[in-house]
Amino acid sequence: MKLIKAIIRPERLEFVKKALEDEGSYGMTILEVNGRGDQKGIKLQYRGGVMVVDFIPKVMIEVVVKDRDEERIIRVIADSARTGKMGDGRIFVIPVERSIRVRTGEEDT
Amino acid sequence: MKLIKAIIRPERLEFVKKALEDEGSYGMTILEVNGRGDQKGIKLQYRGGVMVVDFIPKVMIEVVVKDRDEERIIRVIADSARTGKMGDGRIFVIPVERSIRVRTGEEDT
Amino acid sequence: MKLIKAIIRPERLEFVKKALEDEGSYGMTILEVNGRGDQKGIKLQYRGGVMVVDFIPKVMIEVVVKDRDEERIIRVIADSARTGKMGDGRIFVIPVERSIRVRTGEEDT
Amino acid sequence: MVLDTGTTAWLLISTALVMLMTPGVGFFYGGLVRRKNFISMVALSFIVFALVSIQWVVLGYSLSFGTDIGGFIGNLQYAGLEGIGLDAGDAGYPPLLFVAFQLVFAAIAMAIVTSGIAERVKLSAFVIFALLWTTLVYDPLAHWAWGGGWAMSLGALDFAGGTVVHISSGFAALAVALVIGKRAGFGKYTMEPHNIPMTLLGAALLWFGWFGFNGGSALAANGLAASAFFVTNISAAAGGLAWLAASWIRGKPSSLGMVSGAIAGLVAITPAAGYVTVTGAIAIGLVAGLLCYGCMLWRIRKDLDESLDAWSIHGMGGLWGALATGIFAVAAINGYPGLLEGSVSQFLANAAAAIAAMVYAFVVTFALAWGVDKVIGLRVSEEEEYVGLDISQHGERV
Amino acid sequence: MVLDTGTTAWLLISTALVMLMTPGVGFFYGGLVRRKNFISMVALSFIVFALVSIQWVVLGYSLSFGTDIGGFIGNLQYAGLEGIGLDAGDAGYPPLLFVAFQLVFAAIAMAIVTSGIAERVKLSAFVIFALLWTTLVYDPLAHWAWGGGWAMSLGALDFAGGTVVHISSGFAALAVALVIGKRAGFGKYTMEPHNIPMTLLGAALLWFGWFGFNGGSALAANGLAASAFFVTNISAAAGGLAWLAASWIRGKPSSLGMVSGAIAGLVAITPAAGYVTVTGAIAIGLVAGLLCYGCMLWRIRKDLDESLDAWSIHGMGGLWGALATGIFAVAAINGYPGLLEGSVSQFLANAAAAIAAMVYAFVVTFALAWGVDKVIGLRVSEEEEYVGLDISQHGERV
Amino acid sequence: MVLDTGTTAWLLISTALVMLMTPGVGFFYGGLVRRKNFISMVALSFIVFALVSIQWVVLGYSLSFGTDIGGFIGNLQYAGLEGIGLDAGDAGYPPLLFVAFQLVFAAIAMAIVTSGIAERVKLSAFVIFALLWTTLVYDPLAHWAWGGGWAMSLGALDFAGGTVVHISSGFAALAVALVIGKRAGFGKYTMEPHNIPMTLLGAALLWFGWFGFNGGSALAANGLAASAFFVTNISAAAGGLAWLAASWIRGKPSSLGMVSGAIAGLVAITPAAGYVTVTGAIAIGLVAGLLCYGCMLWRIRKDLDESLDAWSIHGMGGLWGALATGIFAVAAINGYPGLLEGSVSQFLANAAAAIAAMVYAFVVTFALAWGVDKVIGLRVSEEEEYVGLDISQHGERV
Ligand SMILES: Nc1ncnc2c1ncn2[C@@H]1O[C@H](COP(=O)(O)OP(=O)(O)O)[C@@H](O)[C@H]1O
Ligand SMILES: Nc1ncnc2c1ncn2[C@@H]1O[C@H](COP(=O)(O)OP(=O)(O)O)[C@@H](O)[C@H]1O
Ligand SMILES: Nc1ncnc2c1ncn2[C@@H]1O[C@H](COP(=O)(O)OP(=O)(O)O)[C@@H](O)[C@H]1O
């Protein structure tokens with residue numbers, strides 16, 4: 001299994017949720033985070049000066065998927081989260097060794 | 001080492017904390033998250049219509065443990081977090097390669 | 001690639017950000033968390049009794065770096081986050097298999 | 001009589017001050033519940049205020065202040081505010097203003113009751129329950145004490161509503177809590193107040209508004225109003241410090257203890273505000289702080305989920321206040337001597353009125369709640385309670 | 001005339017109550033926007049209040065209440081408050097107090113307009129726009145209705161500013177929203193209110209302050225003030241319940257519906273408060289709640305980003321109120337019969353004044369906003385909007 | 001004298017308005033500190049209010065307004081409010097009401113002082129310090145200016161407490177900050193305000209309450225009250241805009257700058273409110289906004305941890321106000337000419353009183369704080385400070 005950790009724009013969350021649902025993928029966890037990427041923050045001009053807003057609110061989505069779904073889910077998230085502008089975010093894939101359901105104590109495979 | 005990432009019901013947190021303490025496991029980090037599981041959200045009936053509350057507040061616990069403690073800690077968390085109803089949550093196990101103490105800069109093994 | 005997950009004191013965040021910037025590392029994600037470490041919470045004396053504050057607000061920094069930067073970034077974070085007192089925090093290193101840019105859909109390597 | 005513009009101004013603003021107390025209760029309660037029910041608590045206070053406003057015009061004022069029927073209730077002569085004038089009336093201010101001033105009291109009493117059903121009440125059932133309660137519990141009690149009912153004839157004193165507003169709502173909250181049952185998980189895990197600053201804000205608005213509540217009840221801008229105003233503040237201060245000190249001895253001096261004690265002091269001085277001296281007020285406040293704190297601890301020990309302590313603070317504080325009025329009243333203030341000045345009869349009249357109100361409020365509320373529960377169900381489903389009333393009842397989220 | 005201390009006291013406190021409404025609007029709006037613009041909305045209310053305070057002293061009062069020029073505007077005789085006395089004046093209270101009372105009305109009108117530019121206005125441009133608007137839109141409208149202008153001569157009734165404050169600000173918000181354009185992403189993704197409790201707090205302060213707004217407009221502490229006070233509350237209650245019920249039928253009874261309806265009721269009763277009975281007020285409030293709810297739904301369907309619904313609530317609620325005043329006015333209250341008592345002319349006068357105000361406010365605001373936009377740009381850059389106005393305009397963060 | 005109901009009504013409500021300012025200070029400060037100390041700041045304001053309420057009854061009023069002893073302090077004739085009547089008194093309102101009105105001033109002064117010890121004071125020590133401070137600093141200063149003390153004899157003017165409340169609390173905050181020392185980490189990392197909206201809410205309550213503070217200080221509902229009310233508002237507006245503009249030039253126009261400037265304007269107009277014209281008030285406010293902003297920058301540059309700027313805003317704003325009263329007083333308003341009308345003596349009297357109060361407040365507060373620190377320790381332990389006062393002092397968490 002893999003943990004797909006996507007950091008996206010908050011305003012794209014609805015689209016990503018919808019897209020994942022359409023793929024039949026329901027389980028996921030959402031975290032409110034702040035992030036800074038390659039753009040090094042947003043530069044605002046004012047009165048001749050420059051102010052850099054370095055951390056922008058983002059949403060982090062964590063989805064654990066079976067290995068065979070990895071590629072598909074990544075595409076779904078990337079496509080639905082995309083606006084094409086700086087700050088669209090990243091997706092990281094991390095290996096997951098085990099997954100246990102608390103309710104039953106059973107292990108998913 | 002392993003990162004045990006458990007997503008549980010907020011109201012079970014006290015029990016899990018207590019149970020981990022009894023096992024002598026103190027280090028942990030807690031995050032407030034929102035999640036959706038296999039139940040696909042909670043359905044509420046109203047006035048003939050149906051409203052789906054898809055994200056429910058959950059607590060994510062992250063504990064990094066030695067390999068030999070993995071199984072024990074998973075059991076402790078799963079048992080103390082369980083209510084037996086939908087929404088009890090998941091536990092994921094992720095490999096950790098290194099762990100460093102900031103205070104000393106030393107590496108735990 | 002590696003996910004460097006550092007849990008530090010909130011008041012050291014500015015220093016860590018600055019230090020990472022000086023190293024040319026900009027991308028990172030920040031989460032507000034609560035944590036408990038080996039110190040088992042802070043003990044407060046009052047009126048003969050003792051009250052244990054077990055969870056203290058911390059900041060979690062997640063940075064994904066190339067393998068060759070791992071050591072350097074760990075040192076930078078550890079050094080800039082250190083006060084030398086209990087509660088300075090931990091750094092965990094987790095393997096990352098892939099990293100995708102949402103904007104372009106391309107994979108970093 | 002000639003219109004007294006000063007008194008009219010004071011009653012206008014007092015009415016506005018008391019109005020602000022109803023959302024004040026909403027924020028006070030809203031901070032104490034879990035996050036998922038915050039909006040629900042505040043919304044209930046607004047809904048109560050609107051419902052009672054309309055009910056008061058249609059029926060409530062007349063039932064409370066119409067010509068007495070058997071000592072129990074008023075007749076319907078003023079239904080729809082028939083015949084209420086805008087002139088100077090008998091007392092130097094417009095009779096309609098008296099209707100307004102009394103309206104805001106009826107509203108806040110109902111708002112206080114929401115303590116007992118917090119985090120689990122079904123909104124539709126609540127609307128019906130609220131209309132029944134204000135009509136069948138509040139209006140008769142207002143009539144008894146102020147509208148020419150038996151308690152008034154007996155000479156029981158209730159300056160600003162210790163019995164009418166606080167005993168009634170406090171014991172009603174207890175009754176309805178028993179009918180609706182405990183919150184899911186009560187006693188199994190802690191239910192911490194999710195936003196203490198909002199509770200403190202509510203407390204500030206309540207303390208502020210209470211000057212209109214008690215000061216306005218002099219129904220004139222005069223020395224009596226000033227005295228009621230002053231003792232109100234002092235009793236609040238004494239109550240707050242007493243609870244703070246008591247909770248300090250047992251552990252930490254919490255801010256919630258400070259404001260709970262202040263409200264206990266405010267409740268207890270309410271019936272007494274026009275009859276006691278500053279010294280009496282300090283005594284009343286101190287006892288109220290300690291007593292209500294003790295009642296709250298007892299309630300928790302007994303595993304009663306009267307969730308936000310309307311019973312321990314308003315119910316028991318109101319009971320103490322009613323008795324204390326009979327004890328500490330001083331003839332020099334307003335012509336009524338109490339027990340300490342030798343008037344046993346005053347004390348007995350007050351005790352009788354208070355106990356009767358307590359029993360009536362508890363029993364009738366219990367019956368009403370039971371009936372509503374049987375017919376349409378007072379409580380949300382378990383799923384709805386789990387998700388929280390904000391989402392399940394209002395479709396909103398903090 | 002001899003100074004009437006009761007009336008003076010009532011006007012002093014009424015002025016303070018209305019002052020509190022301006023930050024009340026700030027919190028009401030602040031809770032409705034996204035987190036990144038919360039501070040901005042509240043800050044705008046404070047800035048508006050300060051700007052209008054100064055403008056009113058320098059020019060505004062005189063333009064509004066100076067000797068009439070052509071039915072359109074006042075002259076500059078009172079510029080800098082020249083010749084405004086502290087004595088009893090002609091009406092038993094100090095003329096300067098009337099200036100203060102009117103000042104807080106001018107301020108809140110401008111604050112309501114910020115609905116139309118929420119989350120995207122450039123602060124520097126807003127300051128200029130605000131000064132122009134209050135001078136060229138608000139001041140003439142105040143003059144028309146109250147300062148001896150044509151609407152007043154015509155006999156149009158506007159007790160407390162339904163036309164002057166609400167129609168003007170509501171239609172101005174619509175006009176400026178059209179000029180500034182939609183928020184980035186509007187219609188593409190949902191923009192949920194980020195802090196409903198703060199909106200409820202703002203609503204509580206508005207309801208509270210409105211007693212000064214309408215009650216104070218009697219300009220005396222008397223029966224008329226009491227009547228205005230009473231009908232204000234009842235219309236709010238009716239409006240809140242109407243909107244709540246309507247939204248319940250369509251889905252969930254939201255707390256925002258409850259308070260939006262209450263404000264619709266408050267807006268609609270504003271011009272009528274001194275002329276109608278309690279029954280009239282219930283009708284006015286009920287219709288206001290339903291009408292404004294419908295207007296809001298229409299606005300959303302039409303994809304108009306008049307973001308916080310000043311148009312549907314203040315604009316359309318004010319319009320309804322102006323007409324309703326002409327319909328429901330009752331001679332027994334204040335000497336003016338309305339349509340239901342057979343006075344067609346009263347209805348027509350009110351309709352004419354309301355429509356003129358609507359057109360004037362819309363057109364002139366549109367022109368001003370357009371001009372400011374051309375010259376210095378009314379809107380922040382896309383980047384700034386994305387980050388939010390709190391950071392980009394104020395350098396602050398919630 | 002005959003009771004004047006209008007004046008009585010105005011003083012009743014003014015007292016309530018000023019009462020609300022104390023929690024207002026709590027929320028203003030609470031938003032400025034870090035999250036972990038939010039409850040603590042608000043709780044301190046409630047605790048102060050309760051403590052001072054009791055102290056005022058027992059001792060404070062008499063020390064302030066009892067028969068003069070050597071120009072320095074009042075005697076104990078009114079201890080326990082002995083002999084304070086409910087009749088019309090000499091001035092047309094009940095003497096007890098004057099006691100209440102003065103009480104709320106004493107309370108807010110103490111609340112302002114908490115700025116200097118924010119986020120690090122030990123609650124038990126604070127309780128003792130507060131009782132000492134109000135008795136040994138506030139009461140004498142109130143006596144000097146208003147109770148028949150030397151400053152009053154000298155003819156120094158302090159309409160509503162610029163010296164008594166603001167200079168005293170501002171310089172006291174500085175003194176106690178020096179004794180208690182900087183917050184751990186001060187200067188090492190930024191301590192950002194954690195909840196600016198709550199600070200804005202506090203500011204709204206303060207601005208609102210200030211109408212009672214200054215307007216009520218006319219001690220009558222008349223033209224002087226109206227004038228004091230009006231100039232209060234204008235000075236606040238001018239102060240807010242001045243600070244906003246100054247901070248805009250240096251960077252961003254922050255909302256905190258807007259409200260800080262408004263409070264600076266309110267502070268500075270306080271002593272002058274009954275003596276100056278609208279033009280004077282604009283000048284006073286503008287200078288206050290700029291001056292206090294400058295003082296704040298200076299304080300930060302000097303690395304002084306007078307944490308929430310009571311010194312720069314209340315202390316220095318109050319000092320400026322006291323001098324400005326001596327400069328801008330106009331005989332036509334209230335019979336007192338100032339420097340601009342040629343009265344050097346008025347200016348000197350005011351300067352003398354202000355400087356004496358400043359020195360007295362600073363020195364005595366320093367000594368008291370030092371004493372309390374030596375005996376029981378004014379500050380929490382490092383661990384407690386690190387966890388925050390909410391948990392360590394109150395056992396509560398936001
Ligand atoms: N190296 C990284 N490690 C962890 N998080 C990152 C990293 N780079 C980017 N992020 C996260 O992704 C978000 C979007 O990244 P950004 O570079 O702004 O997007 P884009 O790649 O479209 O320019 C950031 O705000 C941050 O939260
Ligand atoms: N595939 C997944 N990836 C990430 N998080 C998940 C996944 N499935 C479930 N979760 C998390 O676990 C929580 C509980 O899951 P749920 O399926 O509701 O419990 P149960 O298995 O008892 O039905 C969810 O709210 C979500 O936060
Ligand atoms: N085993 C662990 N698993 C997950 N998080 C941990 C673990 N141990 C510590 N932490 C996190 O690190 C933070 C700091 O740890 P702590 O032990 O207090 O620091 P120190 O090592 O300096 O004493 C904790 O608050 C917690 O969030």
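Proteins get letters first, then strands, A, B, ... in listed order; numbering begins at 1 in each. All heavy atoms count here, side chains included; hydrogens, waters and symmetry mates do not.
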Participant: Just wondering, are more than 12 heavy atoms of other shown residues or ligands nearer than 6.0 Å to CD in F:Gln77?
Facilitator: yes
Participant: When you look at D:Trp207 and F:Phe49, which way does the side chain to side chain contact (heavy atoms under 4.5 Å, CB included) test go after all the steps?
Facilitator: CA-CA 11 Å; D:Trp207 195 326; F:Phe49 193 80; 3.6 Å; yes
Participant: More than 12 non-hydrogen atoms from neighbouring residues, nucleotides or ligands closer than 6.0 Å to CD on D:Glu341, yes or no?
Facilitator: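 Yes.
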Participant: Say you draw a straight line from CE of F:Met19 to CZ of D:Phe229; how long is it, rounded to the nearest 0.5 Å?
Facilitator: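 One finds 9.0 Å between CE of F:Met19 and CZ of D:Phe229.
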Participant: Answer yes or no: is there a donor N or O on one side and an acceptor on the other, between the side chain of D:Lys252 and the main chain of F:Glu396, under 3.5 Å?
Facilitator: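 Between the backbone of F:Glu396 and the side chain of D:Lys252 there is no qualifying donor-acceptor contact (under 3.5 Å).
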Participant: Side chain, backbone, both or neither: which part of F:Phe27 has a non-hydrogen atom closer than 4.5 Å to chain D?
Facilitator: side chain
Participant: Most heavy-atom pairs under 4.5 angstrom with chain D, which of F:Ile39, F:Leu44, F:Asp390, F:Leu97?
Facilitator: F:Ile39
Participant: So which residue, D:Leu244, D:Leu205, D:Asn222, ends up with the most heavy-atom pairs under 4.5 Å with chain F?
Facilitator: D:Asn222
Participant: Applying side chain to side chain contact (heavy atoms under 4.5 Å, CB included), run through D:His194 and F:Arg397 and close with a yes or a no.
Facilitator: CA-CA 9 Å; D:His194 91 284; F:Arg397 214 191 261 265; over 6 Å; no
Participant: Picking from D:Ala204, D:Gly31, D:Ser254, which has the most non-hydrogen pairs under 4.5 angstrom with chain F?
Facilitator: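 Between D:Ala204, D:Gly31, D:Ser254, the count favours D:Ser254.
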Participant: At a 4.5 Å cut-off on heavy atoms, which part of D:Ile13 comes close to chain F: side chain, backbone, both, or neither?
Facilitator: side chain
Participant: Please rank F:Ala221, F:Gly24, F:Pro94 by heavy-atom pairs under 4.5 Å with chain D and give me the top one.
Facilitator: F:Pro94
Participant: I'd like to check D:Leu201 versus F:Leu201 (side-chain heavy atoms, cut-off strictly below 4.5 Å). Are they in contact?
Facilitator: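 In contact.
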Participant: Below 4.5 Å from any heavy atom of chain D, which atoms of F:Leu12 appear? Answer side chain, backbone, both or neither.
Facilitator: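 Contact with chain D involves both backbone and side-chain atoms of F:Leu12.
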Participant: Of the listed residues (D:Leu256, D:Ile333, D:Leu11, D:Leu17), which shares the most heavy-atom pairs with chain F below a 4.5 Å separation?
Facilitator: D:Leu256
Participant: Going by heavy atoms in the side chains, are F:Leu103 and D:Phe230 under 4.5 Å from each other?
Facilitator: yes
Participant: Does any backbone or side-chain atom of F:Ile84 lie under 4.5 Å from a heavy atom of chain D? Answer side chain, backbone, both or neither.
Facilitator: neither
Participant: Relative to chain F, which of D:Asn233, D:Ile282, D:Thr5, D:Thr277 shows the most heavy atom pairs under 4.5 Å?
Facilitator: D:Asn233
Participant: At a heavy-atom separation under 4.5 Å, does F:Ser124 approach chain D through its side chain, its backbone, both, or neither?
Facilitator: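 It is both, since atoms from each part get that close.
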Participant: I'd like to verify something: which residue of F:Asp87, F:Ile47, F:Val398 has the highest number of heavy-atom pairs under 4.5 Å with chain D?
Facilitator: F:Ile47
Participant: Are there over 12 heavy-atom neighbours, none belonging to F:Arg379, within less than 6.0 Å of that residue's CZ?
Facilitator: yes
Participant: Is the closest side-chain heavy-atom distance between F:Leu86 and D:Leu224 below 4.5 Å?
Facilitator: no
Participant: Please classify the contact of F:Leu96 with chain D as side chain, backbone, both or neither, using a heavy-atom distance under 4.5 Å.
Facilitator: both
Participant: Of all of D:Ala9, D:Pro253, D:Ala238, D:Gly240, which one pairs up most often with chain F through heavy atoms under 4.5 Å apart?
Facilitator: D:Pro253
Participant: Could you state the interatomic distance from CD1 (D:Ile234) to CH2 (F:Trp56), rounded to the nearest 0.5 Å?
Facilitator: 11.5 Å
Participant: Just give me the residue among F:Ala16, F:Gly6, F:Pro23 that pairs up with chain D most often, heavy atom to heavy atom, under 4.5 Å.
Facilitator: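 Going by pairs under 4.5 Å, I would pick F:Ala16.
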Participant: Report which part of D:Phe208 has an atom under 4.5 Å of a heavy atom belonging to chain F: side chain, backbone, both, or neither.
Facilitator: both
Participant: Report which part of F:Thr15 has an atom under 4.5 Å of a heavy atom belonging to chain D: side chain, backbone, both, or neither.
Facilitator: both
Participant: What's the shortest heavy-atom distance between D:Met258 and F:Phe46, and which atoms?
Facilitator: CE-O, 3.6 Å
Participant: At a heavy-atom separation under 4.5 Å, does F:Val99 approach chain D through its side chain, its backbone, both, or neither?
Facilitator: both
